[in-house]
> 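One structure is given below, represented as C-alpha cells, and several questions about it will come after.
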Amino acid sequence: MRVLRFAATAFALAILVSVSAFAPMAAADPLLAYGARIAGDEARTRIVIDMDRAPAFTVHYLDNPVRIVVDLPATAFGFPAGDLKPAGLFKDIRFGTMDADSARIVLTAKKPVKLVAAKVQADESGKGQRLVLDAEMLPAEQFSELVKKQSWTNGDTAEDVGPVEPTQKADPNTFLVAVDAGHGGIDAGATGTDGTTQEKDITLAFAKMLADKLNAQSGIKAFLTRDKDQYLTLSERVTIARQNHASLFISLHADTLKQKDIRGATVYTISDKASDRLAGEVADRENNSDQIAGAESQAQPAAVTDILMDLTRRETQAFSISLAQDVLSSFNGQISMINNPHRHAGFQVLTAPDVPSILLELGFLSNKEDEKLLLDPDWRQKVADRLTEAVKQYRVSIIANGG
Ligand SMILES: [Zn+2]
C-alpha cells in the first residue's frame, strides 16, 4: 500500500511539474478540442476540429515553407495527435499552447494554399461546435500577395480567408471553357499499337487546337488546365476549372481497350453507376491516373449536408448531359462514334459540383484505324471544329433558357 501511495504521489507531482513548467498561468477555462479529422487530396483538404465552445480565431500565412497559422484562445487539445496526421495538401501539422491565453495550429503545406473557408458551426447534437478549415491549392503569385498584404493585428482574418482568385481574367459575359488535356508528365496515359504514340501528347496537341478554335469565337474564351507536358492530379484539374468559374469543363482522352476492334468517339458524363461494363473499365483506367503518379487518393472532404449543393449538383448534371447531346449531334454523320456513344460512369475528373463537365474519348489507341486518325492533322481539325460547334450550340441554348 505504501508503495502504491508513493507512486500516486509521484505521479501527482509529475503532473504539477509539467503544468508549472509549460503553463504557469493556465487560463481558468480553456476551450476543449476533443476531436479532429482531416480529409482531402493535393488540391483540396478539409480539417475539422470538435470543440466544446465556439472559438474566436485568426488566420495568417507564412512562406518558406508555406504555412497556415490558426491562432486560438487558450485551448486544451484532448484528441490523439494521430487524428490530425498530415494528409492532402499538408505535410506537417502541429498544435499546442502558446501562452496562458493562446494556442496555435500550424499547417505546413506541400504547395501554395489558401483557406477558402474557415468557420465555426454547431455540430448535429447541438452540444459542441466545429472549427471547419477548407484549404485549396493556390497559384504561387497569389500566395506571395497574401503573405505580403496581411497584417498581424487581430481581426484581419476575413481578408485572409476566401475564394481563390481566377487566373483567367474574362469579363462576366464571356463563356469560359476549361479544356483539359488528359494525363501528362509521369502519367503518359495509353500508348498506341506500336508503342510510340502517347495519349498525353495527343490530348495536349488536340486541346491546344480546340482552345484556339474556341478563342476565335466571339463571346467564348477557352483556357487549358495544362499547356505543357506536366502532371496534374484529377482533383487539381477539377479545382482549376472551379477556381476560374468555368462554364464548361471538357476533358480529352484517347485510351486503349482490350477489345481492339472497338473504335470511334465516346462522350462520357458522370454517374454513380456505370452505364455498362466498358464505361466502367474506362473510368477505372482514367481514375488510376492518380495512383500512377503516387498521388494520394483519399476520400473527398466529407460533404457538409447542404441542400443547395445537392440542387447545384443535380442542375450541373443536367447541363453536362445537355452538352454531351450537343456534341453527339454535332459529330453525327461527320465523326465516327462507337455504339451508344453517350455513356456514363464514375469519372473523378468529372466531379465538379458546379461546372458542367464531359470526358471525350476521341478514339482508341488500341485500334490501328483510330490511331491513324488521332495522328492525322486534318481529322483533328475536323473534330475540333465539330466540338466548337457543339459548344456554340450549347451556349446558345443556355442563353435562350436564361442561364
Ligand atoms: Zn485517358
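Every number for a ligand or one of its atoms is a count from 1 in the order of the listing.
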> Any donor-acceptor pair under 3.5 Å linking the side chain of S366 with the backbone of T256?
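Side chain of S366 to backbone of T256: no pair is present.
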> Taking CZ in R53 as the centre, count heavy atoms belonging to other residues, nucleotides or ligands within less than 6.0 Å. Is the count above 12?
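Yes, the 6.0 Å shell around CZ holds more than 12 heavy atoms from other groups.
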> Sorted by first residue and then second, give each salt bridge (Lys or Arg N to Asp or Glu O under 4.0 Å) pair with at least one member in residues 194-222; sequence neighbours left out.
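Sorted result for residues 194-222: K200-D229, K213-D385.
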> Can you confirm whether F57 sits close enough to I105 that some side-chain heavy atom of one is under 4.5 Å from a side-chain heavy atom of the other?
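Of all side-chain heavy-atom pairs linking I105 with F57, none is under 4.5 Å.
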> Holding to side-chain contact (heavy atoms from CB on, under 4.5 Å), I want the full list of residues that pass it with S320, two or more places apart in sequence or in another chain.
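S320 satisfies side-chain contact (heavy atoms from CB on, under 4.5 Å) with T269, T316, P356 only.
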> Not counting sequence neighbours, list each pair that qualifies as a ring pair (Phe, Tyr, Trp, His ring centres under 6.0 Å) and has a residue in residues 244-268.
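Listed by first then second residue: H183-H253, Y268-F347.
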> Can you list the protein N, O or S atoms less than 2.8 Å from the Zn ion (ligand 1)?
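Protein N/O/S atoms under 2.8 Å of the Zn ion (ligand 1): H183 NE2, E199 OE2, H253 ND1, D255 OD1, E286 OE1, E286 OE2.
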